[in-house]
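Within every chain, numbering begins at 1; the chains are lettered A, B, ... in the order of the sequence lines, protein sequences first and strands thereafter.
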Amino acid sequence: MADERDSGFVKEIRKQSADFPGWYTDVVRKAQLADYSPVRGCMVIRPYGYSLWENIRDPLDGLIKETGHENWYFPALIPLSFLMKEAEHVEGFQPEFAMVTRGGGKELEEPLVLRPTSETMIASVLRDYIQSYRDLPVLTNQWNNVFRWELRTRLFLRTLEFLWQEGHTFHETAAEAEEEVVRMLEQYRRIAEEWCAVPVLAGRKSDTEKFAGAQYSMSIEGMMVDGKALQMGTSHYFGDNFTRAYDLTFTGRTNERQYPYSTSWGVSTRMVGAVVMAHGDDSGLQLPPRIAPVQVIIIPIFRSDSERVQIDTALQQVLTDLEDIRVKVDWRDERPGFKFNEWELKGVPLRIEIGPRDLAKGEVTVVRRLNRAKQNVPLGDLGVTVPAMLEEIQAALFTRAREFREAHTVRLDSLEALVKFFDTSIGFVVTPWCGRTEDERTVKDRTTATTRVILGASGPAAQPCAICGRPASVEVAWGKAY
RNA sequence: CGGGGCGUAGCGUAGCCUGGCUAACGCGCAUGCUUUGGGAGCAUGAGAUCCCGGGUUCGAAUCCCGGCGCCCCGACCA
């Protein structure tokens with residue numbers, strides 16, 4: 001198997017080991033997930049990529065609704081003054097504003113910013129809808145596009161425009177809002193791990209890594225096969241920062257005016273990039289069955305018209321048996337070998353080959369994308385065997401990714417050891433930490449790594465901070481990040 | 001914004017230094033025949049504002065001036 005791969009089953013993409021960023025771009029484009037567009041920094045999401053996004057989006061939408069949230073739609077154009085009201089928020093996002101200054105052929109009185117995120121718009125609108133504690137909580141979500149004027153862009157990972165969902169909620173008490181932050185982070189963990197088969201670390205961000213305007217942020221972080229961390233979802237606690245800035249108040253149970261506590265949380269099309277980078281190999285994409293646009297690709301093999309008819313006939317029953325599976329039959333006028341390579345590049349988990357040799361035995365040949373293992377399966381068994389194999393592949397991808405992360409995560413207790421690790425290895429480092437920003441600066445200067453998430457309080461026996469030696473308060477994961 | 005590179009057919013390039021016949025090659029595309037269990041072969045064909053504007057010249061893809069766009073490398077970010 002190894003030499004087959006070396007001999008270049010897929011010739012169109014650069015080697016993952018030799019040039020990871022180049023490999024990533026090749027895979028995204030050649031697998032037809034997305035492509036560059038006429039506009040710098042903006043991508044075209046092609047049907048195969050959009051379908052993959054839908055297969056992530058739809059279950060996530062379900063998880064969001066399951067927890068009591070409702071979908072809204074708010075304007076994409078936000079008056080500049082709205083964004084100027086929360087000091088830290090402005091400071092964080094202003095460099096990334098894309099602004100509309102003309103409309104109807106005239107200069108606008110006030111520029112409109114293409115939404116980079118909607119905290120300000122939603123707070124401005126909900127001011128009018130929230131009057132009493134009886135109106136709370138308000139649990140909103142919206143699916144939309146946002147714009148952030150990034151300098152360096154990468155398909156799916158960082159583009160000027162991207163798709164996401166942003167949830168925004170308002171609560172009577174701080175405790176309730178903080179529970180919400182954790183609840184939604186947990187939903188994100190489920191999407192990442194149970195659907196995308198990417199294991200994640202979940203926890204709080206350090207102050208330097210938090211969202212502009214938040215009291216604190218939490219995130220899920222996955223490890224890509226180059227050992228770098230990718231933030232795959234965030235959940236923020238605002239306290240009353242935004243409601244104060246927008247003078248959004250309600251009358252409480254004892255008839256006093258109060259500011260509600262708010263949260264926001266988001267998952268974007270970046271998740272698609274995570275799937276590519278967490279599971280792909282030199283042959284291209286490798287998609288978890290639960291989100292794969294095509295779960296089973298059937299390649300008919302025939303020479304004559306009569307053989308073609310025989311195969312077509314046999315397939316009718318197969319397609320009936322697999323009606324709950326996303327199956328596609330590739331009848332294109334290409335040679336089988338070409339199709340094998342193309343569907344491997346596109347990451348389809350299972351391939352069924354059906355030709356005269358198989359038909360003679362009443363079987364088909366089933367091949368796993370995971371390891372190219374082939375097996376013969378009687379035609380009549382497919383309805384049972386295929387769903388079982390898909391389940392098994394879903395689990396195997398998750399396990400493989402988790403084992404990879406565990407193999408590339410070390411616990412260290414000194415700055416020197418940490419510097420040496422990032423000098424010679426890839427992956428995550430877990431250390432005790434005192435929480436000081438200066439320590440993050442020190443580590444970033446020497447390694448380019450940053451804190452990813454705080455995993456929890458340090459143990460009862462107070463250890464020294466790995467960076468500066470002061471008493472540690474938490475366990476933190478460090479990594480080089482996208 | 002700093003440093004480097006590039007704009008020639010849908011894509012990738014050659015040609016440019018040293019100006020000159022109908023702008024070349026590969027992939028892809030179309031049609032036909034032969035093929036089909038790991039990226040097929042042959043034949044025929046379509047496809048170009050040589051990034052844009054100006055200049056030099058008998059003559060510009062090529063030389064000169066100006067502009068535009070894109071990519072890569074360094075500071076921000078889902």
Side-chain angles (χ1 to χ4, degrees), chain A residues 1 3-5 7-13 19 21-22 25 29-30 35-42 91-97 115-117 144-154 156-166 188 192 205 208-212 217 219-222 229-236 264-274 283-284 299-305 307-308 311 330-345 351-360 363-365 367 372 374 376 444-445 448 450 481-482:
Chain A
M1 214 50 71
D3 47 323
E4 280 179 339
R5 181 166 300 175
S7 72
F9 259 102
V10 171
K11 292 179 276 193
E12 294 172 351
I13 56 179
D19 177 4
T25 302
R29 299 183 69 196
K30 298 278 168 51
D35 210 339
Y36 297 125
S37 74
V39 184
R40 182 195 79 84
C42 295
E91 196 189 326
F93 280 101
Q94 199 158 24
E96 299 176 8
F97 285 173
R115 69 177 155 227
T117 179
N144 61 24
N145 57 339
V146 288
F147 291 84
R148 297 182 185 177
W149 211 264
E150 304 289 352
L151 302 178
R152 281 200 62 202
T153 58
R154 299 275 306 278
F156 287 115
L157 303 178
R158 190 180 300 108
T159 46
L160 302 198
E161 179 188 13
F162 58 92
L163 305 181
W164 75 345
Q165 62 61 221
E166 48 177 327
Y188 288 168
K205 302 295 274 185
T208 45
E209 297 284 326
K210 78 178 170 65
F211 178 84
S217 294
S219 78
I220 54 170
E221 305 269 337
L230 183 70
Q231 183 169 300
M232 293 165 63
T234 51
S235 186
H236 315 289
S264 82
W265 25 274
V267 154
S268 73
T269 39
R270 176 182 264 191
M271 194 68 95
V272 174
S283 298
I299 312 289
I301 297 163
F302 55 90
R303 291 159 202 270
S304 62
D305 282 349
E307 280 179 355
R308 185 195 157 109
I311 289 167
D330 188 351
W331 283 112
R332 288 177 305 164
D333 185 19
E334 296 286 353
R335 293 159 71 92
F338 176 88
K339 296 177 185 177
F340 296 168
N341 283 287
E342 186 172 283
W343 291 108
E344 280 180 13
L345 169 60
R351 173 174 83 235
I352 292 178
E353 301 171 18
I354 177 165
R357 295 208 302 256
D358 304 293
L359 279 188
E363 296 178 343
V364 295
T365 306
V367 187
R372 290 205 183 87
K374 288 193 181 188
N376 297 322
K444 189 170 187 184
D445 288 346
T448 76
T450 50
Y482 273 96

**OP:** State which residues pass side chain to side chain contact (heavy atoms under 4.5 Å, CB included) with A:S304; sequence neighbours excluded, sorted by chain then number.
**Re:** A:S306, A:E307

**OP:** Could you tell me which residues satisfy side chain to side chain contact (heavy atoms under 4.5 Å, CB included) with A:R158, sequence neighbours excluded, listed by chain and number?
**Re:** A:E150, A:R270

**OP:** Classify every nucleotide of nucleotides 67-78 of chain B by which part a protein heavy atom approaches to under 4.0 Å, writing B for the base, S for the sugar-phosphate alone and - for neither, in 5'-to-3' order.
**Re:** ---SS-SSBBBB

Original post:
Who pairs with A:P300 by side chain to side chain contact (heavy atoms under 4.5 Å, CB included), at least two apart in sequence or on another chain?
Top reply: A:F302, A:I311, A:V329, A:W331

Name the pairs: protein N/O against N/O of nucleotides 33-35 of chain B, kept only if under 3.5 Å.
{"from": "B:rU35", "atom 1": "O2'", "to": "A:R335", "atom 2": "NH1", "distance (Å)": "3.3"}
{"from": "B:rU35", "atom 1": "O2", "to": "A:R335", "atom 2": "NH1", "distance (Å)": "3.3"}

Original post:
So what is the 5' to 3' dot-bracket string for RNA chain B, if pairs are Watson-Crick or G-U wobble with both distances under 3.5 Å, crossing pairs use [ ] and | means the partner sits on another strand?
Top reply: (((((((..((((......[...)))).((((((.....)))))).....(((((..]....))))))))))))....

Every protein N/O within reach of nucleotides 44-46 of chain B N/O, cut-off under 3.5 Å:
none

Original post:
Considering residues at least two apart in sequence or located in another chain, which fulfil the side chain to side chain donor-acceptor pair (under 3.5 Å) criterion with A:N145?
Top reply: A:R115, A:E161

**OP:** Using salt bridge (charged side-chain N to carboxylate O under 4.0 Å, His left out) as the criterion, list what pairs up with A:D445, not counting sequence neighbours.
**Re:** A:R441

Original post:
Mind checking what makes ring-ring contact (aromatic ring centres under 6.0 Å, His included) contact with A:F162, not counting sequence neighbours?
Top reply: A:W164

**OP:** Taking side chain to side chain donor-acceptor pair (under 3.5 Å) as the test, write out the residues that go with A:T234, two or more places apart.
**Re:** A:H236

Original post:
Who are the side chain to side chain contact (heavy atoms under 4.5 Å, CB included) partners of A:R332, not counting sequence neighbours?
Top reply: A:D330, A:E334, A:F338, A:K339, A:E342, A:W343

